[in-house]
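Here is the structure we will look at, set down as C-alpha cells.
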Amino acid sequence: MGSLLALAAGMRTLGLLITLLAATQGATDQKLAVPEGTIITSAQVTGFDIDHLSPGLRQDIRDLAGTPLKQQRLDELAARIEGERPNYVAAVRTVMEADGQARVFFVMGRQADPDRDDNVNARYIVEQADIVGVPDAELTQALRDDLQALVGKRLDSGDADRFQERVARDLPTYELERRLVRGSEPGRIRLVYEASRKELPHWLRFEPLKANALFHSEQGWGSYVDLGIGDRTIRVTPIFAIDNADDLVEEYSGYGVRFETRRLGTRRLGASFGWSWFEHDWRSATLDAVARDPEIPAPYDTRSTITPLVKFALSRDLSVAGGVSISELKPLSPATDSRMANAAVASIDYDRRWADGSDGSHVEASFGVRAGSRNLESDLTYTRYLGQGSYRYDAGRHHVQATGMAGGITGHPPLFERFTLGDSTTLRGWDKYDIAPAGGTSMVYSSVEYRYTGLALFLDIGSVWDATSERDVRLSTGFGFHAGPAFLIVGVPLNTDNLTAVVAVGLRIPGTGVRW
C-alpha cells in the first residue's frame with residue numbers, strides 16, 4: 001500500500017512538471033528571476049478548471065494582466081484558491097518573457113490525502129498560539145513555555161499533536177480541540193486550543209434495573225418490567241409485574257413507579273421515591289407452611305408500599321443510604337383489618353471497576369438493614385440483615401464470576417421480607433417451594449460461574465432455614481446459554497435422590513450497580 005501511494009504521489013508531481021513546462025513554452029530557456037514591478041502580460045490557472053473557482057476570484061486573477069508584479073498579491077490569490085479548494089495546493093510560478101514582461105501561473109495539484117491538510121498548513125508560520133477556556137491559574141509555566149515554543153516557526157503537526165497530548169495529561173478534567181485561524185497577514189496563522197471541562201463522573205448510581213420475562217419449569221411464567229426513562233442525572237422508572245414469582249415467596253402482579261436523582265446540588269447527594277401496588281397469589285405449599293407455624297405472620301391479598309430514600313457518596317466507590325419503607329398489607333379476609341409493615345432502611349454499598357480494554361474486573365458489595373419498629377407505627381416488628389458481594393473477572397471471551405450472600409432476621413417479618421433460594425438466579429436446579437415454601441429467617445449462599453462467550457457453567461451452594469426447620473445445605477450445577485438479554489439455564493440438584501433438571505428460559509436486562 002505504501003509503494004502504491006508513493007507511486008501515485010510521483011505521478012502527480014510529474015504531471016505538475018509537464019503542465020508547467022507546457023505553460024512556459026515560448027519563454028526563454030534561461031531561468032531568470034522576475035523582479036518586483038515587472039508588467040504581467042497574462043495570468044493562468046493550470047492543472048485545474050478555473051471555472052470551478054468563484055466568479056470574483058476568477059476576475060481578480062484575470063485582472064493581473066497589465067499590472068505590475070507584486071509577490072504579496074500573488075501569494076494572497078494562491079491562499080484564496082486554496083481556501084476555496086482545500087483539497088488542492090496552489091503554487092505560484094512567474095516566467096520572464098523575451099520582451100522583459102512576465103507571465104504568471106497558478107499551478108494546482110491535488111493533495112496526496114484529501115482528508116488531510118497538513119501539507120497546506122505546513123506552509124504557514126505560527127504567529128500566535130493560545131489556550132482558551134482554562135483559567136490562567138491552572139496553566140503551569142512549563143505549559144506556557146511549551147506553547148510559546150510553537151510560535152515563530154512553520155506549523156509542525158507532530159509538535160502541535162504532542163503539545164495537545166501534554167495538555168490532556170496535565171489537565172485531565174478538560175477536553176481539548178485544536179483549530180487554525182487566519183493570521184494578521186498572508187502566510188501566517190493563529191493556533192488555538194479550545195478547552196472545555198469534561199462532565200464529572202457521577203458518584204451515585206441509579207437503582208439497578210431487573211427487568212425479566214421468563215419461564216421456570218417448576219414455577220411457571222412470569223415477568224417483571226422496569227423501564228428507566230431520563231438522563232444522566234434524573235430517571236423515572238415505571239414498573240409492571242405479571243405473575244412474577246422469581247424473587248419473593250409470593251407470586252405477584254401490579255405496577256409502580258420510581259423517581260431518582262443522582263445530584264441534589266452536589267454529586268455526593270441523591271434521592272429516590274418509590275410507590276408500588278401488588279396483588280398476590282399464594283401456592284398451597286406456602287399456605288400450609290404458614291398454617292403450621294404460628295410465628296409466621298398471615299399472608300395478605302395486596303401490598304402497597306412507599307419508599308423515600310436519601311443516598312450519600314463517601315467517595316467514588318463507597319456510598320451510604322437511608323430512608324423508610326411504609327407498606328400496607330390488606331388481608332385475604334375482608335373481615336380482618338389491614339396491617340402495617342413500616343421499616344427504617346439503611347445500607348452501605350461499594351462498587352469498583354478496573355478496566356484495560358476488553359479485560360478487567362468488577363467488585364460489588366453491600367450490607368443493608370431493615371428494621372420494623374413500633375416507633376414507625378408498624379404492626380410487625382423485626383430486624384433484617386443482608387450482606388452480599390460479587391467479583392467478576394473478564395479476559396477477552398472468558399468471564400468468571402463469584403457471588404455470595406448471607407442474611408438473618410429477628411422478630412416477626414412479613415412474608416415479603418423472608419429469604420428464599422431456588423429460582424432462576426440462586427440454587428439453580430432447585431424449586432424454592434420444595435426448600436422453604438414460606439421462606440426462612442436465615443440464609444447463606446454462594447456461586448461460581450464461568451462463561452466463554454455465550455456458554456456458561458455454574459456451581460451453586462446454599463441453605464435457607466428458620467427456627468422450626470433443619471439447616472440443610474444444598475448444591476446444584478448446570479449450564480446455560482446467553483445471547484444478549486436472552487438466556488437458557490438448565491440446572492440439576494446434586495445432593496438429592498431426585499435428579500430432575502430444572503429449566504429456566506427468558507429475557508433479562510442486567511442491572512448495574514448495587515441495589516439501594
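Just so we're clear, the structure is a prediction, and the values are computed from it rather than from any experiment.
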Discussion item. Within the 4.5 Å heavy-atom criterion, are F273 and T307 side-chain neighbours or not?
Written reply: no
Worksheet item: Below 4.5 Å, heavy atoms only, C-beta onward: do L191 and L180 meet side chain to side chain?
Response: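 Yes, at least one pair of side-chain atoms sits under 4.5 Å.
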Discussion item. When you compare the side chains of S184 and E127, does any donor N or O come within less than 3.5 Å of an acceptor on the partner?
Written reply: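 Per modelled atom types, S184 and E127 side chains form a pair under 3.5 Å.
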Practice prompt. Take the angle between the ring planes of Y252 and Y224 and call it parallel below 30°, perpendicular above 60°, tilted in between.
Written response: perpendicular
Practice prompt. Apply side chain to side chain donor-acceptor pair (under 3.5 Å) to S54 and list each qualifying residue two or more places apart in sequence or on a separate chain.
Written response: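 Only E84 meet the side chain to side chain donor-acceptor pair (under 3.5 Å) criterion with S54.
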So how far is it from [X] [atom1] to [Y] [atom2], rounded to the nearest 0.5 Å?
| X | Y | atom1 | atom2 | answer |
| --- | --- | --- | --- | --- |
| I40 | T94 | CD1 | OG1 | 8.5 Å |
| Q401 | Y393 | CD | OH | 14.5 Å |
| S42 | L64 | OG | CG | 10.0 Å |
| R169 | Q164 | CZ | CD | 11.5 Å |

Testing the basics here: between [X] and [Y], what is the closest heavy-atom pair and its distance to 0.1 Å?
| X | Y | answer |
| --- | --- | --- |
| S424 | H216 | N-CD2, 4.2 Å |
| F458 | V490 | CZ-O, 3.8 Å |
| L204 | F312 | CD2-C, 4.1 Å |

Under-4.0 Å salt bridge between [X] and [Y]:
| X | Y | answer |
| --- | --- | --- |
| E449 | R428 | yes |
| E260 | R258 | yes |
| K311 | D349 | yes |

Side-chain donor-acceptor contacts of residues 313-325 below 3.5 Å, not counting sequence neighbours, with atom names and distances?
from, atom 1, to, atom 2, distance (Å)
S315, OG, D317, N, 3.3
S315, OG, L318, N, 3.2
S325, OG, R370, NH2, 3.2

Worksheet item: Do you know which of W277, F240, F278 makes ring pair (Phe, Tyr, Trp, His ring centres under 6.0 Å) with Y255?
Response: W277
